[in-house]
Amino acid sequence: MTSIDSHDARALAESLRRVYDAVAERVTEENATSPLAAMVTGHLGRPVGEVVVVEEKFRLFEHAALQLAADAYLRAHSPGAEWFGVVGADRRWESLINMVTHAMKSGGVLLGRPDYAVASVGPDDTTDVIQLGMVCTRAPDGSPVVMAVSNREDYTKYALLTVLATERAAAAAVREEIGRLKDELDPLRGQVVSFGFSEHRENELLTFIPRAGLTPEEVVLPEGRLEAVEEHVVGIGRQADRLREAGQHLRRGLLLYGPPGTGKTHTVRYLIGRRPESTAILMTAEGMTKIDFAVALARRLQPSIVVIEDVDLIAEDRSQYETSPLLFALLDAMDGVAGDADVTFLLTTNRVAALEAALLQRPGRIDLAVEVPLPDAAARDRLVRLYARNRPIKADVAAVVAATEGVTASYIKELLRRVVLTALQTGEHALTDDHFTTVLTRMTGDGESLTRALLGGAPAQPRVKARLEPPAC
Ligand SMILES: Nc1ncnc2c1ncn2[C@@H]1O[C@H](COP(=O)(O)OP(=O)(O)O)[C@@H](O)[C@H]1O
Ligand SMILES: [Mg+2]
């Protein structure tokens with residue numbers, strides 16, 4: 001498995017530093033007539049053979065951050081500088097220096113407008129990013145540099161920053177400042193993103209998701225339980241600095257377990273909403289193979305929450321191994337986060353037994369395990385009223401509660417949707433006993449046994465109708 005540091009090291013190693021003295025040899029008297037080559041040498045004041053090249057590759061999803069950093073850099077060092085591109089077939093070159101080399105050799109390569117694409121920087125926000133463009137600017141020491149940004153998705157698996165300068169130190173300083181600005185301006189910070197991975201593109205795929213704003217009233221758990229999990233995730237974060245000073249660790253792991261449809265995912269969404277400043281990374285099954293990378297991202301974008309839903313599915317994937325390699329990768333990644341990092345791991349499972357052995361073998365990753373049970377009578381009462389939304393209930397709620405023993409919260413949610421639909425169909429505003437009886441009878445009937453199983457309903461309750469009807473005299 002690749003460790004986080006070795007990834008960073010590799011990224012650094014990939015930052016090629018090459019002096020293209022060979023380029024000069026290719027220049028001949030008769031073909032050194034290229035607008036591109038003339039522009040580069042004109043700005044730098046050197047023949048191409050003396051130009052220093054620094055390149056750095058970024059993940060495709062970092063392109064927007066790279067662009068924001070490049071724009072901020074230009075504002076600071078050469079306000080008003082304009083990006084330009086090249087026109088025609090010469091755009092096929094993957095990197096600027098290759099293009100310049102080509103221009104020197106064969107002449108031509110006309111300057112034109114840069115190519116733009118659109119990248120997401122939030123659930124509803126995009127920004128223009130340069131797909132192939134360059135700009136004349138200055139290094140922090142004032143010396144001339146040409147900077148290029150390219151993201152040739154058709155050919156390459158990365159976004160590329162190229163800096164052409166007269167001195168190596170100047171080029172490196174530009175690259176470092178861009179790196180710093182990129183971290184500072186990272187559009188992922190404070191966002192909720194789903195983290196996947198495409199084998200085909202060999203790249204992480206990040207999708208922005210709107211942050212839910214659920215209120216405590218909308219999450220129906222046994223008395224005190226929501227407060228306990230919120231305290232663990234949000235409360236500790238709120239006191240982060242003081243806890244650090246007091247030598248206490250911040251990294252935390254929370255496991256929510258219970259039957260399907262009881263509100264584990266709902267609670268996760270609530271918690272993410274309660275920490276609006278946090279970066280939340282929701283792992284998808286495809287993304288799990290890159291868990292170390294996702295956790296590195298979480299560390300960089302603190303405070304952050306890493307969500308691994310239905311972690312029993314990962315634990316189960318044992319293939320030829322005794323224990324699931326993905327689960328161990330997860331536990332390793334959790335362990336790799338320093339104690340003073342404000343990173344919360346939120347795990348959910350329907351089958352805690354499938355996990356227990358692995359978690360017990362590697363203690364210290366999960367410091368709070370909370371059961372999210374089937375709703376008891378009081379909870380079902382609250383759920384019926386919650387999911388009636390603002391419709392008045394003119395029905396015997398106690399009878400509905402009694403008739404729904406053993407069902408899940410999501411079952412009650414669906415029940416209420418159907419009751420409201422029935423009320424709409426009968427043209428009534430309030431929800432009545434008749435509406436509840438009609439729907440409960442249908443939902444508990446033979447025809448809906450699969451629905452019931454899917455929604456986590458209790459075994460059929462044939463007496464529902466009788467219970468909801470007024471006693472016969
Ligand atoms: N405890 C609950 N309180 C309020 N609504 C709930 C609760 N549990 C489930 N729901 C509703 O049912 C939906 C499905 O529940 P979900 O959180 O996905 O269940 P789980 O993750 O435990 O399988 C939720 O989106 C929510 O609307
Ligand atoms: Mg769930």
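Atoms within each ligand, like the ligands themselves, are counted from 1 in listed order.
Of the protein's heavy atoms, Ala409 CB, 3.3 Å lies nearest to atom 7 (C) of ligand 1. Protein heavy atom closest to atom 27 (O) of ligand 1, with residue, atom name and distance, is Lys413 NZ, 2.8 Å. For atom 25 (O) of ligand 1, the closest non-hydrogen atom on the protein side is His266 ND1, 3.9 Å. Ranking the protein heavy atoms by distance from atom 14 (C) of ligand 1 puts Ser410 CB, 3.9 Å first. The protein heavy-atom contact nearest to atom 22 (O) of ligand 1 is Lys264 NZ, 2.7 Å.
Taking any N or O of Tyr387, backbone or side chain, at least one lies under 3.5 Å from an N or O belonging to ligand 1. Close N/O approach between Thr262 and ligand 1 is found [any backbone or side-chain N/O within under 3.5 Å]. Taking only nitrogen or oxygen atoms, main chain and side chain alike, Gly261 reaches within less than 3.5 Å of ligand 1. Ligand 1 has an N or O atom lying under 3.5 Å from an N or O atom of Gly263, backbone or side chain.
Ion pair Glu448/Arg418 flagged as a salt bridge, since at least one NZ, NE, NH1 or NH2 atom sits closer than 4.0 Å to an Asp/Glu carboxylate oxygen. Salt bridge annotation for Lys290-Glu204: absent, with no cationic side-chain nitrogen under 4.0 angstrom from a carboxylate oxygen. Salt bridge annotation for Arg238-Asp342: absent, with no cationic side-chain nitrogen under 4.0 angstrom from a carboxylate oxygen. At a threshold of 4.0 Å, the pair Glu245-Arg242 does not count as salt-bridged, since none of the basic side-chain nitrogens sits closer than that to a carboxylate oxygen.
Under 4.0 angstrom from ligand 1, the non-hydrogen atoms of Leu383 all belong to its side chain.
The aromatic rings of Phe293 and Phe195 sit tilted, their planes meeting at an angle between 30° and 60°.
Minimum heavy-atom separation, Ile291 to Ala333: CG1-CB, 4.1 Å. Contact detail for Ala294 and Ile281: the closest heavy-atom pair is O-CD1, 3.7 Å. For the residue pair Ala171 and Val54, the shortest heavy atom distance occurs at CB-CG2, 3.4 Å.
Proximity of Val372 to ligand 1 is not established, as no heavy-atom distance is less than 4.0 Å. Look at Glu218 and you'll find a heavy atom under 4.0 Å from some atom of ligand 1.
Comparing Thr265, Thr349, Val220, Thr348 by heavy-atom distance to atom 1 (N) of ligand 1, the nearest is Val220.
Heavy-atom contacts of Pro260 reach the following atoms of ligand 1: 23 (O) (cutoff under 4.0 Å).
The Mg ion (ligand 2) has an N, O or S atom of Thr265 closer than 2.8 Å.
Checked options Arg59, Arg300, Arg180; the residue passing with Asp186 is Arg300 (criterion: salt bridge (charged side-chain N to carboxylate O under 4.0 Å, His left out)).
The number of heavy-atom neighbours closer than 6.0 Å to CD of Glu277, taken from other residues, nucleotides and ligands shown, is above 12.
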